[in-house]
Amino acid sequence: MSEITVSGVQGLPEIVPGANLAELIAAAVPDLADGDILVVTSKIISKAEGRVISADRDDAIAAETVRVVARRGATTIAQTRHGLVLAAAGVDRSNTAPGTVVLLPEDPDGSARRLRKSIGDLTGANIGVLITDTMGRPWRNGQTDVAIGAAGVLPLRDHRGHADSFGNALEVTVAAVADEIAAAAELVKGKTDQVPVAVVRGLPELVGASAAGPAGRWPGTASPRSPTLAAGTDSGGDGPGAAALIRPAAEDMFRLGAADVLGERRTVRDFTDEPVDQAAVRRAIAAALTAPAPHHSQPWRFAVVETAAARTRLLDDMLAAWVADLRGDGFNEEQIARRTRRGEPLRRAPLIIVPCLLADAAHTYPDERRNAAERAMFLVAMGAGVQNLLVALAVEGLGSCWVSSTLFCGPVASAALDLPEGWGPMGAVGVGHAAVPPPPRPDRDPASFLVVR
Ligand SMILES: Cc1cc2nc3c(=O)[nH]c(=O)nc-3n(C[C@H](O)[C@H](O)[C@H](O)COP(=O)(O)O)c2cc1C
């Protein structure tokens with residue numbers, strides 16, 4: 001029978017800046033042994049490392065935040081520079097003097113490595129160290145402790161390629177063992193008992209080679225299919241740290257929080273050759289169809305230009321119309337060649353979508369004033385639909401550029417695309433994977449854009 005024990009460490013003093021945690025813990029746990037895992041609440045690491053500051057909580061949260069993921073009322077869920085996503089960017093006002101806040105350790109994996117080494121030096125025991133913090137989980141009520149720093153503990157145990165008891169291959173199971181240990185330790189540490197450290201025994205297979213030993217590698221656990229789970233090349237067997245628990249943005253299906261969905265859309269003018277997923281385009285068009293529109297109408301239509309022949313015809317006919325306009329403006333052939341040579345984003349985009357307005361639900365009035373208002377209503381509804389389309393494309397990881405070209409040669413574009421009767425092209429949207437990341441968005445103060453009456 002396998003047994004795991006989790007014991008709270010009693011008798012630690014209130015931790016002050018500069019406290020020698022290794023000495024305090026080694027004294028409080030005199031029987032520390034090889035294979036033990038020490039689970040330490042990040043707050044005492046922060047206190048020992050002087051991460052308690054006198055500051056306004058909101059200012060501290062802003063300083064610790066690299067990305068606001070969601071905001072509701074007084075609650076901010078933010079990503080820190082460590083990559084962690086948690087409430088208040090990990091800034092904590094509890095268990096600290098009034099007027100002060102506790103910030104997360106600067107480098108929790110580094111803190112774990114230093115503590116592991118110091119305790120190893122003091123006791124000779126080859127232990128693992130986890131540093132934990134408390135987090136809420138999306139979709140789940142309540143908080144649990146998770147590992148934000150790790151040294152000498154395998155953070156993820158990869159079961160992929162192994163078989164279950166029925167012989168089925170386990171395809172996707174990678175157990176976040178460091179988080180599981182952190183949560184178990186929280187059961188004995190508690191919030192009110194002032195027990196900031198626990199010792200977990202019975203999982204020596206998760207503990208790396210000692211600092212003095214050979215290059216760390218956990219036999220039978222690291223998988224060749226997941227090199228990030230390998231112990232790493234450090235000579236101390238500290239392993240990849242809790243950083244390995246942070247899902248890379250490109251693999252994260254829930255990367256965008258409510259607060260940053262809209263900001264994700266940026267005009268992209270240069271694309272890679274990577275083809276566009278047509279299913280993603282259909283989903284984005286479905287999102288466009290949820291925009292508001294007058295008279296309970298659905299005025300949005302989309303020409304998805306998928307074939308090379310349709311694309312060439314559209315772009316060439318529009319170019320000819322543009323050249324004719326420039327000639328009409330009095331430009332000479334050399335000036336025209338220079339202007340049109342600049343090209344445009346549509347030429348570089350792997351896919352073109354032409355949003356069209358079908359205003360057949362518009363009312364007709366006897367006077368031009370109301371007819372113009374009616375047209376404006378449908379145009380703004382079209383803008384709302386296209387914005388939905390562009391935001392939904394961005395959420396799918398696709399860049400877009402809404403350009404005006406078809407608006408300036410509507411009949412030519414309609415003919416080139418053989419559009420159904422009544423469909424009026426409203427520009428064109430180039431779609432593809434961005435070749436370069438967009439520049440930072442300029443800060444716009446809403447106060448400069450509004451009046452209050
Ligand atoms: C109706 C409309 C027409 C546009 N036409 C063009 C265009 O012809 N060429 C272009 O490069 N960008 C065009 N844009 C994109 C704007 O230049 C772009 O939105 C602006 O630079 C702000 O950048 P952002 O979209 O990344 O916030 C157009 C945007 C709209 C809404």
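In each ligand, atom 1 is the first atom listed, and ligand 1 is the first ligand listed. Excluded from the calculations below are hydrogen atoms, water molecules and symmetry mates; all remaining heavy atoms, backbone and side chain alike, are included.
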Quiz item: With sequence neighbours excluded, what pairs up with D316 under the salt bridge (Lys or Arg N to Asp or Glu O under 4.0 Å) test?
Solution: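 Salt bridge (Lys or Arg N to Asp or Glu O under 4.0 Å) list for D316, sorted by chain: R347.
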Quiz prompt | Centroid separation F378 to W300 less than 6.0 Å | solution =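 Ring-ring flag for F378/W300: false, centres at least 6.0 Å apart.
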Quiz item: Contact residues of ligand 1 with a heavy-atom cut-off of under 4.0 Å?
Solution: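 Ligand 1 pocket, heavy atoms under 4.0 Å: R265, R266, T267, R269, W402, V403, S404, R441.
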Quiz item: Tell me, which pairs form a salt bridge (charged side-chain N to carboxylate O under 4.0 Å, His left out) where one or both residues lie in residues 405-414, sequence neighbours left out?
Solution: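 Every candidate salt bridge (charged side-chain N to carboxylate O under 4.0 Å, His left out) pair involving residues 405-414 fails, so no pair, neighbours aside, qualifies.
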Practice problem: Could you point out which residue of T100, D92, V16 forms a side-chain contact (heavy atoms from CB on, under 4.5 Å) with V52? | Solution: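 Per the side-chain contact (heavy atoms from CB on, under 4.5 Å) rule, the option paired with V52 is T100, out of T100, D92, V16.
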Can I get a per-line list of side-chain donor-acceptor pairs under 3.5 Å for residues 301-310, giving both atom names and the distance, sequence neighbours left out?
unit_1: R301; atom_1: NH1; unit_2: Q298; atom_2: O; d: 2.7
unit_1: E306; atom_1: OE2; unit_2: R282; atom_2: NH1; d: 3.3
unit_1: E306; atom_1: OE2; unit_2: R282; atom_2: NH2; d: 3.0
unit_1: T307; atom_1: OG1; unit_2: A310; atom_2: N; d: 3.1

Exercise. Kindly indicate whether the side chain of L245, heavy atoms from C-beta on, has any atom under 4.5 Å from the side chain of L156.
Key: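 They are in side-chain contact.
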